[in-house]
Amino acid sequence: MVDVEFRVVSERRDGLLLALGQVVIANGFTLLRQRMLNSDEGVVLVMVVRGPPDQLLVLEEKLGTHHLVQSFEASPYEGGGAPPPQPAVRANGAGNGNGHPAPTAPAPVASAPPLAPTPAAASAAPIDVQRVETLLPQLARNYPNILLQLVALERELPPAQREATLRYIGQRVGAWVYKRDFALGGQLPLADSVRRIALPAMRQLVQAELQDDVLRVRNSPFCHRGEHGECCHFLRGMLGGLLEGQHGGQMRVVESQCRNTGAETCRFEFEA
């Protein structure tokens, strides 16, 4: 992995971090830290990212040619150590140039309804319910451009709350996406549910593929952020929420491998 600092100058502040952050994530990199300030040049956004060296030139080209970018500089980052926590990122819009494959499900309307609770709420876990309930309508409004908000939330949460909170949010988002995009279909076997529901829904957020009924994610933004072990709690929760509509509350999703522990991809397996 390589750490790189990008300095971007733009005329526009609103939506800049969201749009460029999605480009970073779509190309297999993790956004480690960011800061934004006004200067005589315009709005200056500095991002420190980490990712595979063989994808760096591709990422630099996409950032440098993005329509929001007036000037662009890249340099090796030698700050050392884990970056300090940053304030939460508030999304101002869906952004452009996110680099994701075209969604296979219909795009959400601007007035997306609040996400309804699912029966699988992890009530025994330490979850800041009020904060989650405030966040969910924002995620519904900004979906699928939600990963930067969730990464910022992960930074702010106490370590004891991260897994339970992110899994719970993932379950709620997954259940909402299932009801919005997939609930009118018939009952499917588990393997078909993964292929026809979980895979297309994941592809709106990350680079995902299916191999032998195992879903693999190449660019989870939750990896390499100082956590130990498997850490894609939101993605695991969302997959469970997507499939519970077909297979009930006994649906079990396991992250059997994770890039955070050195695997090439994050690997999710399913049991019903």
Side-chain angles (χ1 to χ4, degrees), residues 1-10 13 15-37 43-64 66 68-69 71-92 95 97-100 142 145-159 161-163 165-166 169 205-207 217-235 255 258-266:
M1 293 291 177
V2 61
D3 290 0
V4 183
E5 182 174 281
F6 295 135
R7 183 181 186 273
V8 170
V9 177
S10 176
R13 186 183 187 94
L16 179 64
L17 176 59
L18 183 62
L20 299 188
Q22 291 290 346
V23 175
V24 168
I25 292 171
N27 284 275
F29 282 72
T30 299
L31 182 61
L32 298 179
R33 63 184 297 175
Q34 74 282 328
R35 67 181 184 274
M36 191 181 301
L37 51 91
V43 177
V44 177
L45 171 62
V46 178
M47 300 183 293
V48 177
V49 305
R50 175 177 296 163
D54 58 344
Q55 283 291 107
L56 181 58
L57 291 179
V58 175
L59 176 60
E60 289 179 347
E61 180 182 1
K62 290 186 177 181
L63 290 175
H66 196 280
L68 293 179
V69 174
S71 68
F72 170 81
E73 299 175 9
S75 59
Y77 178 70
E78 300 177 352
Q86 299 294 313
V89 178
R90 293 190 180 274
N92 295 302
N98 59 22
H100 287 310
N142 295 325
N145 299 310
I146 62 174
L147 292 181
L148 287 180
Q149 285 176 280
L150 293 168
V151 167
L153 173 67
E154 181 191 48
R155 288 195 188 107
E156 290 190 330
L157 288 171
Q161 294 186 10
R162 285 175 189 158
E163 179 175 357
T165 301
L166 289 169
I169 293 173
L205 303 179
V206 292
Q207 297 173 0
V217 173
R218 295 187 175 277
N219 64 330
S220 168
F222 302 103
C223 298
H224 306 302
R225 309 188 64 80
E227 294 289 312
H228 298 289
E230 291 76 16
C231 61
C232 304
H233 312 307
F234 169 80
L235 298 181
E255 186 178 11
C258 185
R259 287 174 53 239
N260 197 57
T261 60
E264 184 178 350
T265 61
C266 300

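Quantities reported herein were computed from a predicted structural model and do not represent experimental measurements.
Annotation: the span from E156 atom CD to E154 atom CD amounts to 11.5 Å, rounded to 0.5 Å. In this structure, M47 CE and L31 CG are separated by 6.5 Å, a value rounded to the nearest 0.5 Å. Here R155 contributes atom CZ and L32 contributes atom CG; the two are 7.5 Å apart, rounded to the nearest 0.5 Å. For the atom pair CD (Q22) and CG (N145), the distance works out to 4.5 Å, reported to the nearest 0.5 Å. Atoms CD and CG, from E61 and L63 in turn, are 10.5 Å apart once rounded to the nearest 0.5 Å. If you take CD on E73 and CD on E60, they are separated by 11.5 Å, rounding to the nearest 0.5 Å.
Using modelled atom types, no side-chain atom of E255 and backbone atom of C266 make a donor-acceptor pair closer than 3.5 Å. A donor-acceptor pair under 3.5 Å links the side-chain atoms of S220 to the main chain of F222, judged by distance alone. In this structure, N219 contributes its side chain and I25 its backbone to a donor-acceptor pair below 3.5 Å. For the pair R162 (side chain) and L157 (backbone), a donor-acceptor distance under 3.5 Å is present. In this structure, S10 contributes its side chain and L68 its backbone to a donor-acceptor pair below 3.5 Å.
Put simply, the side chain of V44 does not reach to within 4.5 Å of the side chain of M36, judged on heavy atoms. Counting heavy atoms from C-beta on, the side chains of V49 and F6 come closer than 4.5 Å. Side-chain contact between F234 and E163: absent, with no pair of heavy atoms (C-beta onward) separated by less than 4.5 Å. For the pair P221 and F29, the minimum side-chain heavy-atom distance is 4.5 Å or more. Looking only at side-chain heavy atoms (C-beta outward), L16 and L18 stay at 4.5 Å or farther from each other. Proximity of P52 to M1: side-chain heavy atoms (C-beta onward) are separated by under 4.5 Å at one or more points.
Counting only N and O atoms by type, the side chains of E230 and N260 include no donor and acceptor under 3.5 Å apart.
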Could you please spell out the steps behind the side chain to side chain contact (heavy atoms under 4.5 Å, CB included) verdict for V69 and L20? CA-CA 9 Å; V69 174; L20 299 188; 4.1 Å; yes
For V206 and R218, run side chain to side chain contact (heavy atoms under 4.5 Å, CB included): C-alpha distance rounded to whole Å, both residues' side-chain angles, the deciding distance at 0.1 Å, then the answer. CA-CA 8 Å; V206 292; R218 295 187 175 277; over 6 Å; no
Check the pair V23, H66 against side chain to side chain contact (heavy atoms under 4.5 Å, CB included), reporting the backbone distance first and the verdict last. CA-CA 9 Å; V23 175; H66 196 280; 4.1 Å; yes
Show, in sequence, the C-alpha distance, side-chain angles and deciding distance for I169 and L150, and conclude whether the side chain to side chain contact (heavy atoms under 4.5 Å, CB included) test is met. CA-CA 9 Å; I169 293 173; L150 293 168; 4.1 Å; yes
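Between R259 and V217 the shortest heavy-atom distance is CD-O, 4.3 Å. Contact between V24 and L59 at its shortest, heavy atoms only, is CA-CD1, 3.9 Å. Of all heavy-atom pairs between V8 and F72, the closest is CG2-CD1, 3.8 Å. Contact between C231 and C258 at its shortest, heavy atoms only, is N-SG, 3.7 Å. Considering all non-hydrogen atoms of both residues, A74 and V4 come closest at CB-CG1, 4.3 Å. Minimum interatomic distance between N142 and Q149 (heavy atoms only, all atoms of both residues): ND2-OE1, 3.1 Å.
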